[in-house]
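Have a look at the structure below, then the notes.
Computed from a predicted structure; not experimentally measured. Values reported hereafter were calculated over all heavy atoms of this structure, with side chains retained and with hydrogens, waters and symmetry mates removed. Quick note on labels: first sequence line is chain A, next is B, and so on, each numbered from 1.
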Amino acid sequence: MDTLALEAKATGQEKKSSAPRPRPKPPKKAKRIVYFEVEIVDAKTKEKLLLLDKVEPTSTILDIKALFHKSNPQWYPARQSLRLDPKGKCLKDEDVLQTLPVGTTASFYFSDLGAQIAWGTVFLSECYGPLLIYLMFYFRLPFIYAPKYDFSSSKHWVVHLACMCHSFHYVKRILETLFIHRISHGTMPLRNIFKNCSYYWCFAAWMAYYINHPLYTPPYYGQQQVKTALIIFLFCQVGNFSINITLRNLKCPGSKVKKIPHPTKNPFTWIFALVSCPNYTYELGSWMGFTVMTQCLPVAFFTIVGFVLMTVWARGKHRNYRKEFRDYPTLRSPILPFIL
Amino acid sequence: MSAPAMGTTKTAHSDVAPKKKRGPGALATAYLVIYNVVMTAGWLVIAVGLVRAYLARGSYHGLYYSIEKPLKFFQTGALLEILHCAVGIVPSSVVLTGFQVLSRVFLTWAVTHSVREVQNEDSVLLFVSAWTITEIIRYSFYTFSLLNHLPYLIKWARYTFFLVLYPMGVTGELLTVYAALPYVQKTGLYSVTLPNKYNFSFDYHTFLILTMVSYIPLFPQLYFHMMRQRKKVLCHVEEYKTE
């Protein structure tokens, strides 16, 4: 900035300071806050659990949960479900009291969601199990196959390749859980960890048993089949990783603001133009590649079950996207372009 | 404490009219009525067949052969029930319906039909009799419900007879599977061994044992679910009658 401009700026400031000060406005009348009376009732027994007097209208559901937790320490906020109707929808933590369809005396119906566990813990448990279980079968630990095969190694190179692919997949998932995923929901019911883990762990054991079996038969079309399947597997793994990165960049840390995911410069994300949940599409592709590579029926079964589950999740997410965003691209399908 | 704001009440949120449960359309109802009438008639044919064969022989041994064909036909026809749930013309759970129907179809084809040696067992007659009475009541219950003319007797029978028929049927089923085990092990029926190009093995004998074990947690759940339903449906009717 040149000196003239600086001088002009300085004189301007002097003028400002020499100008007569405006008369101070008379103090505003303090606005009378209408406090709320909040009653928490057990959804099942209809028994009154707590009456909160003088609750500020700007209080959120999370604030009410915190107050309820103070008087009932066994029910921490994540464990609580508050509804306006015993069989109604569960209220979100960020919902503000004054925006809810209640009078100044509000009744909330409480139900206990049971012991909760962090999503990250569940994801890690889901992934560590299959990784270790598969390796137990790969190294042929005692009591799995006949004693003469203990700690022996398969003569088929596809078995070693399958182990690398399986391990790579789960190591990738663990690293993504630790460093990439931004989980909006804090917790899930504790019983889910048993359900989810038994699903992943049992399937991993079932697949590993046959792939690493001493009587394993290599794929019918040999190297050509294995190499083609490996390319599909790796392509989909890179694709899945790219999608997870894109979804991460869509959310700011700690934010719950949702945006429509769009294709980026990365060619692997271009599938966003056709599919709402390409992470599931790529996951399905990976397992299809693994099925072809190993030519193993239990793997095919795992792929089919996974496809059914992912389709259910994808349709749910797709429905939510369409509900939340009016301008959501109409061309998109939940999981398979133009099909499903 | 300030007074409630004008026009708002404590129960403001509950003023919303409850969603009306939509039943199946006219075409679907007509189809379901026909389906249930046919199934009721089918199971009546099985019941009559059993009684006639018993009167003709004077013994209940080997009665299975007299009703083998209609039993297979109408029990397999129950697979359509899963489809009805999946399509949504019947509001039941696909998983629960599927589990119940498939277990019976499995027993009809994969056990009784496949292991000829068990067809003379008394346990077969035990579960067939239980199924027959249960299904006649159940399908007639559905038929009358769809026509909105449900006699109390059928409703009562539907929620009372199971108290005896469920344990009777399950006992018959378990004894039949148990009787089939040695024959399955000896012949290696439906078993697949390694090596094969699909890299998969299956031992039908072990599968049957696991099936029997699965009855331990599943049967009580189903039985007590029906008990709760009975309490809900029949107690409600009793209250209504006494008013």
Side-chain angles (χ1 to χ4, degrees), chain A residues 32-39 41 51-55 57 82-89 91 98 100-109 145-146 154 156 158-159 162 206-221 225 291 293-301 308, chain B residues 1-22 82-83 85-88 91 93-99 102 106 188 190-207 209-211 213-214 216-218 221 228 231-232 236:
Chain A
R32 195 164 141 270
I33 298 170
V34 178
Y35 287 105
F36 279 68
E37 187 179 272
V38 173
E39 178 187 51
V41 182
L51 185 73
L52 297 166
D53 207 4
K54 285 208 168 181
V55 178
L82 296 180
R83 302 155 198 264
L84 291 173
D85 194 68
K87 287 177 184 173
K89 243 185 172 183
L91 296 167
Q98 64 187 0
L100 295 171
V102 291
T104 49
T105 305
S107 288
F108 291 116
Y109 292 91
Y145 304 111
S154 177
H156 305 294
V158 66
V159 171
W206 194 35
M207 292 189 296
Y209 176 81
Y210 289 106
I211 296 168
N212 298 291
H213 200 285
L215 298 174
Y216 173 81
T217 307
Y220 190 75
Y221 295 103
Q225 182 176 333
T291 304
M293 184 199 297
T294 55
Q295 199 176 289
C296 182
L297 205 62
V299 181
F301 190 67
V308 171
Chain B
M1 183 67 216
S2 59
M6 282 291 286
T8 57
T9 62
K10 199 173 178 177
T11 55
H13 55 266
S14 59
D15 292 343
V16 185
K19 276 185 185 175
K20 237 187 178 183
K21 269 193 180 178
R22 281 182 64 225
I82 305 170
L83 191 71
C85 295
V87 171
S93 156
V94 182
V95 178
L96 273 172
T97 308
F99 176 78
L102 288 171
F106 166 77
Y190 299 141
S191 295
V192 180
T193 55
L194 286 169
N196 58 64
K197 64 176 178 180
Y198 300 111
N199 292 302
F200 173 71
S201 64
F202 177 69
D203 183 30
Y204 189 51
H205 181 260
T206 308
F207 177 75
I209 292 167
L210 290 173
T211 304
V213 170
S214 74
I216 298 165
L218 294 170
Q221 279 184 41
R228 283 193 296 274
K231 198 175 178 183
K232 200 160 77 177
H236 180 71

More than 12 non-hydrogen atoms from neighbouring residues, nucleotides or ligands closer than 6.0 Å to OH on B/Tyr198, yes or no?
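Counting neighbours around OH of B/Tyr198, 12 or fewer heavy atoms of other residues, nucleotides or ligands fall under 6.0 Å, so no.
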Got more than 12 heavy atoms from elsewhere within 6.0 Å of OH, B/Tyr190?
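Buried by this count: over 12 neighbours within 6.0 Å.
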Sub-3.5 Å donor-acceptor pair from the side chain of A/Thr217 to the main-chain atoms of B/Asn196, do we have one?
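The answer is yes, because a donor-acceptor pair under 3.5 Å joins these two groups.
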Checking the side chain of A/Gln295 only, and the main-chain atoms of B/Lys197 only, is there a donor and an acceptor separated by less than 3.5 Å?
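Yes, the answer is positive, given that a donor and an acceptor are paired below the 3.5 Å cut-off.
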Rounded to the nearest 0.5 Å, how far apart are CZ of B/Phe200 and OH of A/Tyr209?
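OH of A/Tyr209 is found 11.5 Å from CZ of B/Phe200.
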Using every non-hydrogen atom in the two residues, find where B/Asn199 and A/Leu215 come nearest and quote the distance to one decimal.
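In this case the closest contact between B/Asn199 and A/Leu215 is OD1-O, 4.5 Å.
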Which residues pass the side chain to side chain donor-acceptor pair (under 3.5 Å) test with B/Thr97, sequence neighbours left out?
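B/Thr97 satisfies side chain to side chain donor-acceptor pair (under 3.5 Å) with no other residue.
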Sequence neighbours excluded, which residues qualify as side chain to side chain donor-acceptor pair (under 3.5 Å) partners of B/Ser201?
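Counting only residues at least two positions away or on another chain, B/Ser201 forms a side chain to side chain donor-acceptor pair (under 3.5 Å) with A/Tyr210.
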